[in-house]
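Everything below concerns the one structure shown next.
Reminder, nothing fancy here: chain letters follow the sequence lines and each chain counts from 1.
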Protein chains: 2
Amino acid sequence: MKITRAGDYALNVMVYIGSQEKNKLFMRNELSEICGIPDSFLGKILQSLAREGILYSERGKKGGFKLLRDPSEITLYEIIKAVEGDIKINDCLVDSNFCAGLSNCNIHSVLNKIRDSFIEELKKYTLENIIKG
Amino acid sequence: MKITRAGDYALNVMVYIGSQEKNKLFMRNELSEICGIPDSFLGKILQSLAREGILYSERGKKGGFKLLRDPSEITLYEIIKAVEGDIKINDCLVDSNFCAGLSNCNIHSVLNKIRDSFIEELKKYTLENIIKG
DNA sequence: TTTAATTAAGACTATTATGGTCTTAATTAA
DNA sequence: TTAATTAAGACCATAATAGTCTTAATTAAA
């Protein structure tokens with residue numbers, strides 16, 4: 001029941017970029033050093049964020065990453081989802097056959113509600129909220 | 001970001017016991033068969049629940065397990081916590097040194113709030129809520 | 001046109017956590 | 001005393017996470 005390290009790193013690097021000069025491009029290895037995140041691993045994280053339209057990325061010399069939107073328009077949910085995929089909370093939600101043999105699937109409708117409100121909570125907070133404290 | 005299988009099994013077995021005749025003792029292997037949970041693994045789960053004062057357990061011939069409280073007095077939070085331990089959400093909450101080198105620890109105060117409201121959500125639902133649908 | 005510097009993609013490996021088994025001890029009823 | 005149960009925890013297998021590495025694509029500039 002934990003956010004993965006990749007998710008935590010993603011939050012950190014997004015907060016850093018969001019707190020700097022707008023439109024400046026940051027190179028991966030620069031971000032790696034500043035945020036203390038292993039370079040290659042950070043590569044995968046930044047790619048996920050770029051694929052989801054949260055970061056802009058540019059290849060080649062003078063390439064790098066920057067935000068595509070204002071920090072006030074980026075929620076924690078988007079960031080976590082970009083690197084970890086959909087939030088599921090339990091196995092039954094993944095595979096509807098899983099609970100077939102188990103006693104009571106009211107459980108899973110309750111867990112669904114809990115998951116939904118967890119997601120709502122993650123959507124409440126934006127990068128800006130974090131940057132401004 | 002998922003409840004473990006042990007947590008899911010715990011909910012299932014608790015719902016089953018809670019839906020049966022009050023005060024009846026159930027043997028582990030009986031519960032194992034009915035709920036489709038591997039016998040030894042269930043042993044550990046039932047022990048956790050008993051240690052936390054959610055289940056009563058009795059050893060020896062005619063031993064078994066039963067609820068210690070009414071299903072309306074047992075929350076999902078207690079059950080999950082009994083088998084999975086405290087809910088942490090991210091590494092920084094576990095080890096306050098972890099984020100020392102990272103850019104911004106407002107992140108972790110926000111994650112703390114999110115964790116707290118997740119716990120509140122888990123406390124909202126009781127076994128009775130699930131049993132009655 | 002070539003080269004150097006960057007990101008993209010994904011195969012691969014190492015480490016850690018989860019899921020599950022097994023054995024021995026303690027407890028109780030018969 | 002014995003059989004049937006739970007308690008505890010060592011142990012093992014599998015899966016997920018964390019991290020590395022290599023090759024390709026892209027771009028700016030020499």
Quickly work out the [X] [atom1] to [N] [atom2] distance and round it to whole Å.
X: B:Leu49; N: D:dT6; atom1: CG; atom2: P; value: 14 Å
X: A:Gln47; N: D:dA24; atom1: CD; atom2: P; value: 16 Å
X: A:Tyr56; N: D:dT26; atom1: OH; atom2: P; value: 14 Å
X: B:Asp39; N: C:dG20; atom1: CG; atom2: C1'; value: 11 Å
X: B:Glu52; N: D:dA8; atom1: CD; atom2: P; value: 12 Å
X: B:Lys2; N: C:dA17; atom1: NZ; atom2: P; value: 17 Å
X: A:Lys61; N: D:dT26; atom1: NZ; atom2: P; value: 18 Å
X: B:Leu42; N: D:dT6; atom1: CG; atom2: C1'; value: 12 Å

Which part of the nucleic acid, if any, lies within contact of [X], taking any heavy atom under 4.0 Å across all strands shown: a base, the sugar-phosphate backbone alone, or nothing?
X: B:Ser40; answer: base
X: A:Ala50; answer: nothing
X: B:Arg51; answer: sugar-phosphate
X: B:Gly43; answer: nothing

Of all the choices, [options], which nucleotide is nearest to the side chain of [X] once you look at every atom?
X: A:Phe65; options: C:dA29, D:dG19, C:dA8; answer: C:dA8
X: A:Phe41; options: D:dA3, D:dG19, C:dG19; answer: D:dG19
X: A:Ser57; options: D:dA18, D:dT6, C:dT7; answer: C:dT7

Taking the ring centre of each residue, are A:Phe118 and B:Phe118 less than 6.0 Å apart?
yes

Between A:Tyr77 and A:Tyr125, does the ring centre distance come in under 6.0 Å?
no

For [N], give its Watson-Crick or G-U wobble partner with both distances under 3.5 Å, or none.
N: D:dT20; value: C:dA11
N: C:dT6; value: D:dA25
N: C:dA30; value: D:dT1

Assign each of A:Arg59 and A:Ile3 the nucleotide of DNA chain D bearing its closest heavy atom; nearer the 5' end lies the nucleotide of A:Ile3

Counting C-beta onward and ignoring hydrogens, is there a side-chain heavy-atom pair between B:Leu31 and B:Ile17 closer than 4.5 Å?
yes

Do A:Ile130 and B:Ile114 share a hydrophobic cluster (ILVMFWY, side-chain heavy atoms under 4.5 Å, transitive)?
yes

Please tell me if [X] has a side-chain N or O lying less than 4.0 Å from either OP1 or OP2 of [N].
X: A:Arg28; N: C:dT6; result: no
X: A:Tyr9; N: D:dG19; result: yes
X: A:Thr4; N: D:dA16; result: no

Taking 4.0 angstrom as the limit, do A:Lys124 and A:Glu121 come out as a salt bridge?
yes

Minimum heavy-atom distance between A:Asn90 and A:His108, given as atom pair plus value:
ND2-CD2, 2.7 Å

Donor-acceptor pair under 3.5 Å, A:Lys44 side chain vs C:dG10 base
no

